[in-house]
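Reading through the structure tokens given below for one structure.
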Amino acid sequence: QVQVVESGGGLVQPGGSLRLSCVASGRISSPYRMGWYRQAPGQERELIAYIASTGATSYIDSVKGRFTISRDDAKNTGYLQMNNLKPEDTAVYYCCVKFVYWGQGIQVTVSS
């Protein structure tokens, strides 16, 4: 049994920053691969950032250069640092560990 919990979302003005956290607990050992997804109203859930167990990372073009995914293996915690946020980044953000274990999702709203 693995539990995944996201935190750090909220309301931010355009150009602002947020850092999302994703804590995995239970029967899981590091390092593990994980991804951050988001789902905007009326749209499908999409993978926006990924970190492999090796630490290699990848991003979709729309967040490249603005978002950074990282992981602290000692804490079983992943992060998504989001800078220069735009209104189109507004969505529910989900963390997924090993492409199996999902968090409950957290709202990020970018608005003035």
Side-chain angles (χ1 to χ4, degrees):
Q1 193 85 358
V2 176
Q3 295 80 41
V4 177
V5 179
E6 302 104 334
S7 62
L11 173 65
V12 64
Q13 293 187 343
S17 298
L18 284 174
R19 188 177 80 157
L20 304 183
S21 298
C22 170
V23 179
S25 59
R27 297 175 63 88
I28 190 166
S29 58
S30 296
Y32 48 78
R33 55 184 178 172
M34 60 167 286
W36 284 97
Y37 293 71
R38 68 184 181 189
Q39 186 168 21
Q43 298 187 20
E44 293 187 354
R45 190 175 301 186
E46 62 176 347
L47 176 63
I48 61 169
Y50 169 77
I51 184 167
S53 57
T54 59
T57 59
S58 63
Y59 304 88
I60 61 170
D61 286 345
S62 61
V63 307
K64 201 172 294 184
R66 300 188 298 123
F67 291 10
T68 303
I69 188 171
S70 62
R71 190 182 63 224
D72 185 333
D73 293 336
K75 297 181 179 180
N76 272 6
T77 300
Y79 302 98
L80 185 68
Q81 177 66 44
M82 306 185 293
N83 297 328
N84 190 22
L85 283 159
K86 304 176 181 181
E88 52 264 41
D89 295 317
T90 295
V92 178
Y93 284 69
Y94 298 88
C95 170
C96 186
V97 172
K98 301 179 72 173
F99 293 115
V100 174
Y101 307 105
W102 290 87
Q104 79 285 358
I106 193 163
Q107 179 70 44
V108 171
T109 303
V110 185
S111 174
S112 55

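Everything quoted here is computed from the prediction, not taken from an experiment. When a residue number appears, it is its place in the shown sequence, counting from 1.
- The two residues Cys22 and Val97 make their nearest non-hydrogen contact at SG-CG2, 4.4 Å.
- Counting heavy atoms from C-beta on, the side chains of Asp89 and Arg66 come closer than 4.5 Å.
- In this structure, the side chain of Arg71 does not engage the main chain of Arg33 through any donor-acceptor pair within 3.5 Å.
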Under 3.5 Å, which donor-acceptor pairs do the side chains of residues 55-63 form with other protein atoms, sequence neighbours left out?
| from | atom 1 | to | atom 2 | distance (Å) |
| --- | --- | --- | --- | --- |
| Tyr59 | OH | Ile69 | N | 2.9 |
| Asp61 | OD1 | Lys64 | NZ | 3.1 |

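- Using modelled atom types and a 3.5 Å distance limit, the side chains of Thr77 and Asp72 yield no donor-acceptor pair.
- Applying the 6.0 Å contact sphere to CD of Glu44 captures no more than 12 heavy atoms from other residues, nucleotides or ligands.
- In this structure, Tyr50 and Phe99 have parallel ring planes: the angle between them is below the 30° cut-off, well short of the 60° mark.
- Ring geometry, Tyr37 versus Trp102: the interplanar angle falls from 30° to 60°, so the pair is classed tilted.
- Between Thr68 atom OG1 and Met82 atom CE the span is 11.0 Å, to the nearest 0.5 Å.
- Heavy atoms only, all atoms of each residue included: Pro14 and Ser112 are closest at CD-N, 3.7 Å.
- Atom CD in Gln39 sits 9.5 Å away from atom CD in Glu46 (nearest 0.5 Å).
- Residues Tyr79 and Tyr93 do not share a hydrophobic cluster, defined by chaining ILVMFWY side chains whose heavy atoms lie under 4.5 Å apart.
- Hydrophobic clustering (ILVMFWY, side-chain heavy atoms < 4.5 Å, transitive): Val108 and Leu47 are in distinct clusters.
- Summarising the geometry, atom CD1 belonging to Ile106 is positioned 11.5 Å from atom CG belonging to Leu80; distances are rounded to the nearest 0.5 Å.
- Distance CG/Asn84 to OG/Ser17: 8.0 Å, rounded to 0.5 Å.
- Hydrophobic cluster membership differs between Val92 and Leu85, with clusters built from Ile, Leu, Val, Met, Phe, Trp and Tyr side chains linked at under 4.5 angstrom.
- Rounding to the nearest 0.5 angstrom, the gap separating the OH atom in Tyr94 from the CG atom in Leu20 is 13.0 Å.
- Between the side chain of Glu6 and the backbone N or O of Gln104 there is at least one donor-acceptor pair closer than 3.5 Å.
- Atom CD of Gln1 is separated from atom CZ of Arg27 by 10.0 Å, given to the nearest 0.5 angstrom.
- Nearest heavy-atom pair across Gln107 and Ala91 is NE2-O, 3.4 Å.
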| Where do Val100 and Val2 land on the side chain to side chain contact (heavy atoms under 4.5 Å, CB included) test, with the steps shown first? | CA-CA 9 Å; Val100 174; Val2 176; over 6 Å; no

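- Remark: the backbone N or O of Val110 is paired with a side-chain donor or acceptor of Thr90 at under 3.5 angstrom.
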| said: Does Val4 form a side chain to side chain contact (heavy atoms under 4.5 Å, CB included) with Met34? I'd like the steps, not just the answer. | reply: CA-CA 11 Å; Val4 177; Met34 60 167 286; over 6 Å; no

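- Leu11 belongs to no hydrophobic cluster, as no Ile, Leu, Val, Met, Phe, Trp or Tyr side chain comes under 4.5 Å of its own.
- Panel note: side chain Tyr32, backbone Asn76; a donor-acceptor pair is recorded below 3.5 Å.
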